[in-house]
A.B. asks: 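Take this structure first; my questions come after.
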Amino acid sequence: MNLAELISALPFYETNARLDQIEISNIVMDSRAVKPGNLFVCINGYTVDGHDFIVQAVQNGAQAIIAERPVEAEVPTIVVPDTQRALSMIAVKFYHNPSTKLPLIGITGTNGKTTVTYILEKIFNEFKRKTAVIGTIQMKIGSETYPVTNTTPDALLLQQSFKKMLDKGVNQVMMEVSSHALVQGRVYGCDYDIAIFTNLSQDHLDFHKDLDDYLRAKSLLFAQLGNTYSEENQKYAVINQDDDASTLLKSSTAQHVITYGVKHASQVMANNITLGSGGTTFQLQTPIGEIMIQSKLIGMFNVYNMLAASAAAVCSNVPLSVIQAALANISGVDGRFEPVDAGQSFAVIVDYAHTPDSLDNVLQTVKEFAENNVFVIVGCGGDRDRSKRPIMAEIALKYADQAIFTSDNPRTENPQAILDDMTNGLHQDENYQVIVDRKEAIHVAVSQAKVGDVILIAGKGHETYQQVGNTKYDFDDREVAKEAIQIKEK
């Protein structure tokens with residue numbers, strides 16, 4: 001693409017050269033990946049500053065540079081106030097604004113985002129749509145899967161992925177939208193048709209200064225739905241009416257608001273709820289009618305997830321009979337309240353719960369069907385919000401008969417220091433152990449479990465690694481649990 005045409009996506013910039021004679025073959029923000037003819041965008045990240053790698057980018061063949069300050073380079077440079085925002089805008093232009101041609105649903109909230117995306121995938125597949133999912137576990141286009149490093153990809157990969165989805169015939173996209181991505185502008189230029197809010201509780205306070213700031217970040221998704229109204233292209237904000245944050249979020253959008261809930265009057269509601277260890281039933285009430293739902297998904301938190309997905313499906317003109325069939329057929333989501341069955345006489349459940357609210361919800365659900373003792377194995381991630389650590393420990397002791405505090409992903413922190421943060425203030429006679437080694441912790445819990453007990457392994461869910469320092473080691477809670485069960489059963 002002609003550079004002058006590409007840069008026309010930006011309102012203001014300074015340059016030292018004529019741009020209309022330069023052709024750009026690709027946009028790159030990693031100097032190591034630059035090839036001849038590329039445009040290199042200098043992103044100032046948390047650990048490195050792209051401005052420091054301009055020489056390398058030019059040596060690798062960069063045709064031009066976008067920077068946030070005047071720089072010396074042997075190729076034309078374009079200076080903008082914010083390269084992150086500029087990258088989003090030119091990525092949209094370079095890939096011909098693909099999200100405007102895709103029905104796009106964005107899901108934000110502290111907990112439930114991943115589950116809602118996969119429930120929606122099931123619903124739209126039942127509705128004979130070819131779907132794509134972007135989120136914490138992976139990117140999925142039809143049946144093809146791609147690894148991800150962030151819940152929400154960077155702006156460049158995101159627009160590139162939308163273009164790939166279009167080329168592959170996708171006609172419905174669901175994506176998780178993190179608060180980090182909203183603040184950093186990774187989703188600028190994404191044309192959302194529906195924005196879903198799941199809930200808000202303490203998380204990411206290492207990044208946001210407080211809960212109000214965290215909520216403000218979430219509200220950006222609903223503001224991004226836009227202020228113009230179109231009968232041909234109606235947009236919807238789907239909001240959890242039972243969450244206190246709903247008031248601010250409803251005022252953050254100019255588009256149609258559809259509420260869902262259980263406790264407060266909402267447009268989409270679950271009535272006559274029956275929760276059990278084998279699944280859930282409820283009467284789904286919507287603006288287009290009512291229908292009985294029977295699902296294998298367990299727990300009140302999954303009732304909310306199903307309501308969120310059902311509300312978005314109704315906004316997308318999906319018939320209630322299709323929603324009913326899809327919810328009956330979905331058995332679960334990778335690493336979300338996932339049972340580990342190796343023929344043992346006790347239950348083992350792996351769940352991604354890594355916030356106080358999610359741990360509380362999952363343990364409440366476990367207590368509802370546990371026949372005997374409940375074990376919980378839980379830790380907290382390093383280089384993340386320290387204030388939630390003692391709260392997580394208190395919640396574990398509130399519900400569990402035996403808590404084992406262990407390493408999660410310690411990253412660059414001392415694992416023992418993280419566990420000290422969790423346990424400082426606890427009484428020594430309370431029912432807990434501290435076992436730094438996560439594998440050992442799982443083996444100890446399994447060795448102690450008896451008939452009818454339940455072991456909850458919380459925090460990592462679908463993850464197949466443990467990050468210690470800057471290195472990721474192979475580690476899957478599910479595989480370790482199976483190994484421990486097999487040893488016990490011998």
A.B. asks: Using only atom types and a distance under 3.5 Å, with no angle test, would you say the side chain of Thr286 pairs donor to acceptor with the backbone of Ala311?
C.D. replies: no
A.B. asks: Can a donor-acceptor pair be found, under 3.5 Å and without considering hydrogens, that links the side chain of Asp421 to the backbone of Arg389?
C.D. replies: no
A.B. asks: For the residue pair Tyr214 / Thr110, report whether a side-chain donor-acceptor contact shorter than 3.5 Å exists.
C.D. replies: yes
A.B. asks: Are any of the side-chain nitrogens in Asp191 or Lys101 under 4.0 Å away from the carboxylate oxygens of its partner?
C.D. replies: no
A.B. asks: Would you say the side-chain atoms of Lys218 pair up with the backbone N or O of Asn199, donor to acceptor, closer than 3.5 Å?
C.D. replies: no
A.B. asks: Assess whether side-chain contact (heavy atoms from CB on, under 4.5 Å) is satisfied between Val374 and Leu456, documenting all intermediate values.
C.D. replies: CA-CA 8 Å; Val374 173; Leu456 173 68; 5.6 Å; no
A.B. asks: With a distance cut-off below 6.0 Å to the six-membered ring centre and an angular limit of 45° from the axis, does Lys164 pair with Tyr146 as a cation-pi contact?
C.D. replies: yes
A.B. asks: Under 3.5 Å, is there a donor-acceptor pair between the Asn431 and Gln402 side chains?
C.D. replies: no
A.B. asks: Is the closest side-chain heavy-atom distance between Val133 and Tyr118 below 4.5 Å?
C.D. replies: yes
A.B. asks: Using modelled atom types only, decide if a donor and an acceptor are shared between the side chain of Lys460 and the backbone of Tyr465 within a distance under 3.5 Å.
C.D. replies: yes
A.B. asks: Hey, is the main chain of Ile298 close enough, under 3.5 Å, to the side chain of Asn302 for a donor-acceptor pair?
C.D. replies: yes
A.B. asks: Look at the side chain of Thr131 and the backbone N and O of Gln172, then say whether any donor-acceptor pair between them is shorter than 3.5 Å.
C.D. replies: no
A.B. asks: Would you call Asp167-Lys163 a salt bridge at under 4.0 Å N-O?
C.D. replies: yes
A.B. asks: Between the main-chain N or O of Lys140 and the side-chain N or O of Gln138, is there a donor-acceptor pair closer than 3.5 Å?
C.D. replies: no
A.B. asks: Is it true that a side-chain atom of Gln255 and a backbone atom of Thr253 form a donor plus acceptor pair closer than 3.5 Å?
C.D. replies: no
A.B. asks: Do the rings of Phe222 and Phe197 sit parallel, tilted or perpendicular, given the 30° and 60° boundaries?
C.D. replies: perpendicular
A.B. asks: How far does CD1 of Ile105 sit from SG of Cys315, to the nearest 0.5 angstrom?
C.D. replies: 8.5 Å
A.B. asks: Tell me, do Glu176 and Thr117 make a side-chain contact under 4.5 Å, heavy atoms counted?
C.D. replies: yes
A.B. asks: Roughly how far, to the nearest 0.5 Å, is OG of Ser201 from CG of Asp244?
C.D. replies: 11.5 Å
A.B. asks: Roughly how far apart are Leu10 CG and Lys93 NZ, rounded to 0.5 Å?
C.D. replies: 10.0 Å
A.B. asks: Within the structure provided, determine whether Cys190 and Gln159 are in side-chain contact (heavy-atom separation under 4.5 Å).
C.D. replies: yes
A.B. asks: Salt-bridge test for Asp243 and Lys263: reply yes if a basic N is under 4.0 Å from a carboxylate O, no otherwise.
C.D. replies: no
A.B. asks: With a 3.5 Å cut-off and no angle check, do the side chains of Thr412 and Asp383 form a donor-acceptor pair?
C.D. replies: yes
A.B. asks: Rounded to the nearest 0.5 Å, what's the gap from NZ on Lys450 to CG on Asn373? Could you check?
C.D. replies: 8.0 Å
A.B. asks: Answer yes or no for Arg129 and Phe124: cation-pi contact, defined as NZ/CZ to six-membered ring centre under 6.0 Å and angle to ring axis within 45°.
C.D. replies: no
A.B. asks: Would you call Arg186 and Asp154 a salt bridge, taking side-chain N to carboxylate O under 4.0 Å as the test?
C.D. replies: no
A.B. asks: Run the side-chain contact (heavy atoms from CB on, under 4.5 Å) test on Ile288 and Leu320 for me, step by step, so that the C-alpha distance in whole Å, both residues' side-chain angles and the decisive distance to 0.1 Å come before the verdict.
C.D. replies: CA-CA 8 Å; Ile288 62 172; Leu320 289 182; 3.9 Å; yes
A.B. asks: Taking all atoms of both residues into account, what is the closest heavy-atom pair of Phe282 and Leu307, and its distance?
C.D. replies: CE1-CD2, 4.3 Å
A.B. asks: Quick one: does Tyr399's side chain get under 4.5 Å of Val366's, heavy atoms only?
C.D. replies: no
A.B. asks: Go through it in stages, so that I can follow the logic: the residues are Asp341 and Lys482, the test is salt bridge (Lys or Arg N to Asp or Glu O under 4.0 Å), and I'd like the CA-CA distance, side-chain angles, deciding distance and then a yes or no.
C.D. replies: CA-CA 8 Å; Asp341 187 358; Lys482 285 179 184 176; over 6 Å; no
A.B. asks: Measure the spacing between CG of Asp357 and CG of Leu200 and express it to the nearest 0.5 Å.
C.D. replies: 9.0 Å
A.B. asks: Do Phe301 and Phe337 make a side-chain contact, defined as non-hydrogen atoms from C-beta onward lying under 4.5 Å apart?
C.D. replies: yes
A.B. asks: I'd like to check Val444 versus Gln433 (side-chain heavy atoms, cut-off strictly below 4.5 Å). Are they in contact?
C.D. replies: yes
A.B. asks: Which heavy atom in Met89 sits nearest to a heavy atom in Pro11, and how many Å separate them?
C.D. replies: SD-CD, 4.5 Å
A.B. asks: Provide the closest heavy-atom pair for Asp360 versus Gln364 in the form atom of the first, atom of the second, distance.
C.D. replies: OD1-NE2, 2.6 Å
A.B. asks: Would you give the length of the straight line joining atom NZ of Lys235 to atom CG of Leu104, rounded to the nearest 0.5 angstrom?
C.D. replies: 8.5 Å
A.B. asks: Examine distances only and state if a side-chain atom of Thr280 and a backbone atom of Gly276 form a donor-acceptor pair shorter than 3.5 Å.
C.D. replies: no
A.B. asks: Please name the pair of heavy atoms, one in Ala309 and one in Ile119, separated by the smallest distance, quoted to 0.1 Å.
C.D. replies: CB-CG2, 3.4 Å
A.B. asks: Flag the pair Phe162 / Ile134 as yes when at least one side-chain heavy-atom distance between them is below 4.5 Å, and no otherwise.
C.D. replies: yes
A.B. asks: Are any non-hydrogen side-chain atoms of Val340 and Ile349 less than 4.5 angstrom apart?
C.D. replies: no
A.B. asks: With a 4.0 Å cut-off on N to O distance, would you call Arg384 and Glu413 a salt bridge?
C.D. replies: no
A.B. asks: Using ring centroids (six-membered ring only for Trp), state whether Tyr432 and Phe405 fall under 6.0 Å.
C.D. replies: yes
A.B. asks: Decide yes or no on side-chain contact (heavy atoms from CB on, under 4.5 Å) for Leu215 and Leu249, but give the supporting numbers first.
C.D. replies: CA-CA 8 Å; Leu215 175 56; Leu249 295 177; 4.0 Å; yes
A.B. asks: Checking side-chain hydrogen bond (donor to acceptor under 3.5 Å, both in side chains) between Asn409 and each of Gln467, Lys472, Glu463, His354, which is the one that passes?
C.D. replies: Glu463
A.B. asks: Is Thr259 reaching over with its side chain to a backbone N or O of Gln267, donor-acceptor style, under 3.5 angstrom?
C.D. replies: yes
A.B. asks: Work out which heavy atom in Glu126 is nearest to a heavy atom in Ala326; give both atom names and the distance.
C.D. replies: CB-CB, 4.1 Å
A.B. asks: Ala396 and Leu359: which non-hydrogen atoms are nearest, and at how many Å?
C.D. replies: N-CD2, 4.3 Å
A.B. asks: Could you check Ile107 against Thr114 for side-chain contact (heavy atoms from CB on, under 4.5 Å), going step by step and ending with a plain yes or no?
C.D. replies: CA-CA 8 Å; Ile107 303 99; Thr114 300; over 6 Å; no
